Amino acid sequence: MVEPTLGKGSESPVSEARMANDSRYYVPAQSPWPIMGAVGLFLMASGAGMLISHGNPGGWLLLAGALTITGMLFGWFGHVINESMSGLYSPQMDRSFRQGMSWFIFSEVMFFGAFFGALFYARVLSVPWLGGEHLHHLSTHQVLWPDFQAIWPLVTTPGGTQTEAMPWQGLPLVNTLLLLSSSVTLQFAHQALERGHRNRVKLLLGCTVLLGLLFLSLQVLEYYHAYTEMGLTLKSGIYGNTFFMLTGFHGMHVFLGSLMLAIMWLRVMKGHFNAHHHFAFLASAWYWHFVDVVWLCLFVFVYIL
């Protein structure tokens, strides 16, 4: 039995010809989605801050912000999909999308670079200084915390707070294997898309989304174990702060990547994309591979070293 291809039914011949020959740069009408996204991010940031300091009221704000962002993504993606399927985009527009996605991923590199920088500063500089590692910091150690042991992970803070370090075996290792597997299935899905094998794309892309959701489920279980059994919380000194900030923000990016790939899967199910026009799929794949690389860095520098 011959497997159906993606070349049929994904883009109308009129839309493809218009995109290839139209040199105009499409400028959309005014849209509510950017301000909606800004409001959602504000609610999430405010809710997260209140959740840490005050508890429940912040949780509701955080949830409202997440729902707002989710609605914005579905609405904005829907508008862009309709514009693309209507043949409104020219090759210049396609290049603009590529440049925009590239700069977006670069901004994400800088975002995580800041947190890895904080981790490096704490491990290599501030904790050894508090322990009097160098002669010119010996007085700091003797005056402030003479009994402080400069080790990492810092399971005992200068203030006396004690916790446990999260081992890399177990759930973190399983999650690493899950994300690496998801990159493999996504790469094979992309190759199948370029070769026009629709059923293979559906299967492999669906597996990628399920692996992402399984990663998130295991991370929730890991957090529950950390809070209830290990005493590892956001209040557990610099180790707890950096652990939850890095892994938490990464988990948020995994959720966003899973949402993007789920939308791509729905589009494939509706017959969108073909071997030559599938940048939305490609952009989502770029983002997912970036998220996987960040996790590998997290696994090495947060869990193992």
Side-chain angles (χ1 to χ4, degrees), residues 6 10-12 15-16 18-19 22 24-48 61-112 186 189-190 193 201 205-206 208-209 212-213 216 249-274 277-291 294:
L6 284 168
S10 57
E11 296 279 357
S12 67
S15 298
E16 290 189 5
R18 181 173 180 178
M19 181 177 178
D22 196 346
R24 296 177 302 171
Y25 191 88
Y26 173 70
V27 179
Q30 291 184 353
S31 171
W33 305 120
I35 187 64
M36 184 175 176
V39 171
L41 290 175
F42 175 77
L43 290 175
M44 289 185 68
S46 302
L61 278 180
L62 184 61
L63 177 61
L67 292 176
T68 302
I69 291 294
T70 302
M72 179 272 295
L73 288 173
F74 273 97
W76 205 340
F77 280 177
H79 269 78
V80 172
I81 291 168
N82 291 334
E83 292 168 351
S84 177
M85 298 298 291
S86 300
L88 297 175
Y89 293 159
S90 65
Q92 175 60 36
M93 192 70 177
D94 185 66
R95 288 190 293 271
S96 295
F97 277 129
R98 292 174 184 271
Q99 293 172 2
M101 191 64 191
S102 299
W103 281 111
F104 173 67
I105 292 178
F106 177 76
S107 72
E108 294 283 61
V109 171
M110 295 295 101
F111 176 84
F112 280 102
L186 182 58
H190 185 209
L193 176 60
V201 176
L205 188 56
T208 304
V209 174
L213 295 177
L216 291 173
F249 274 117
H250 177 266
M252 185 177 70
H253 284 73
V254 172
F255 170 76
L256 179 59
S258 300
L259 181 61
M260 293 168 64
L261 291 177
I263 294 174
M264 296 306 106
W265 184 79
L266 291 174
R267 292 192 63 184
V268 170
M269 296 295 289
K270 293 185 65 175
H272 295 189
F273 305 131
N274 59 36
H277 299 289
H278 56 266
F279 178 67
F281 183 101
L282 186 60
S284 301
W286 288 357
Y287 188 81
W288 191 256
H289 292 313
F290 161 75
V291 169
V294 171

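The structure displayed is predicted, hence computed values, not measured ones.
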>> If you compare all heavy atoms of Phe111 against all heavy atoms of His253, which two are closest, and at what distance to 0.1 Å?
In response: CE2-CE1, 4.1 Å
> Rounded to the nearest 0.5 Å, how far apart are CZ of Phe74 and CG of Leu266?
Replying inline: 7.0 Å
>> Minimum heavy-atom separation for Trp76 and Pro34, please, with both atom names.
In response: CH2-CG, 3.6 Å
>> Is any side-chain heavy atom of Phe279 closer than 4.5 Å to one of Ser84?
In response: no
> Just by distance, do the side chain of Ser46 and the backbone of Leu43 share a donor-acceptor pair under 3.5 Å?
Replying inline: no
>> Holding to side chain to side chain donor-acceptor pair (under 3.5 Å), I want the full list of residues that pass it with Thr208, two or more places apart in sequence or in another chain.
In response: Thr185
> Which atoms form the tightest heavy-atom contact between Met44 and Gly65, and what is the distance?
Replying inline: CG-C, 3.4 Å
>> How close do His190 and Leu282 get, counting heavy atoms only, and between which atoms?
In response: CE1-CD1, 3.5 Å
> Which value, rounded to the nearest 0.5 Å, describes the distance between Leu256 atom CG and Met260 atom CE?
Replying inline: 6.0 Å
>> Restricting to side chain to side chain donor-acceptor pair (under 3.5 Å), what partner residues turn up for Trp33, sequence neighbours left out?
In response: His79
>> Suppose we screen for salt bridge (Lys or Arg N to Asp or Glu O under 4.0 Å). Which residues come up paired with Arg98, at least two apart in sequence or across chains?
In response: Asp94
> Considering residues at least two apart in sequence or located in another chain, which fulfil the ring pair (Phe, Tyr, Trp, His ring centres under 6.0 Å) criterion with Phe106?
Replying inline: Trp103
> Can you name the closest pair of heavy atoms from Leu205 and Met264 and give their distance?
Replying inline: CD2-C, 3.8 Å
> Taking the six-membered ring for Trp, are Phe290 and Tyr287 parallel (under 30°), tilted (30 to 60°) or perpendicular (over 60°)?
Replying inline: tilted
>> For Asn82, is there any backbone N or O sitting under 3.5 Å from a side-chain donor or acceptor partner on Ser86?
In response: yes
>> If we ignore hydrogens and angles and just use 3.5 Å, is the side chain of His278 paired with the main-chain N or O of Asn274 as donor and acceptor?
In response: yes
> Residues two or more places apart in sequence or in another chain: which of them pass side chain to side chain donor-acceptor pair (under 3.5 Å) with His250?
Replying inline: none
> Considering all heavy atoms of both residues, which atom of Met36 and which atom of Met72 are nearest to each other, and what is their separation?
Replying inline: CE-N, 3.8 Å
>> Applying side chain to side chain donor-acceptor pair (under 3.5 Å), can you list everything that pairs with Thr70, at least two apart in sequence or on another chain?
In response: none
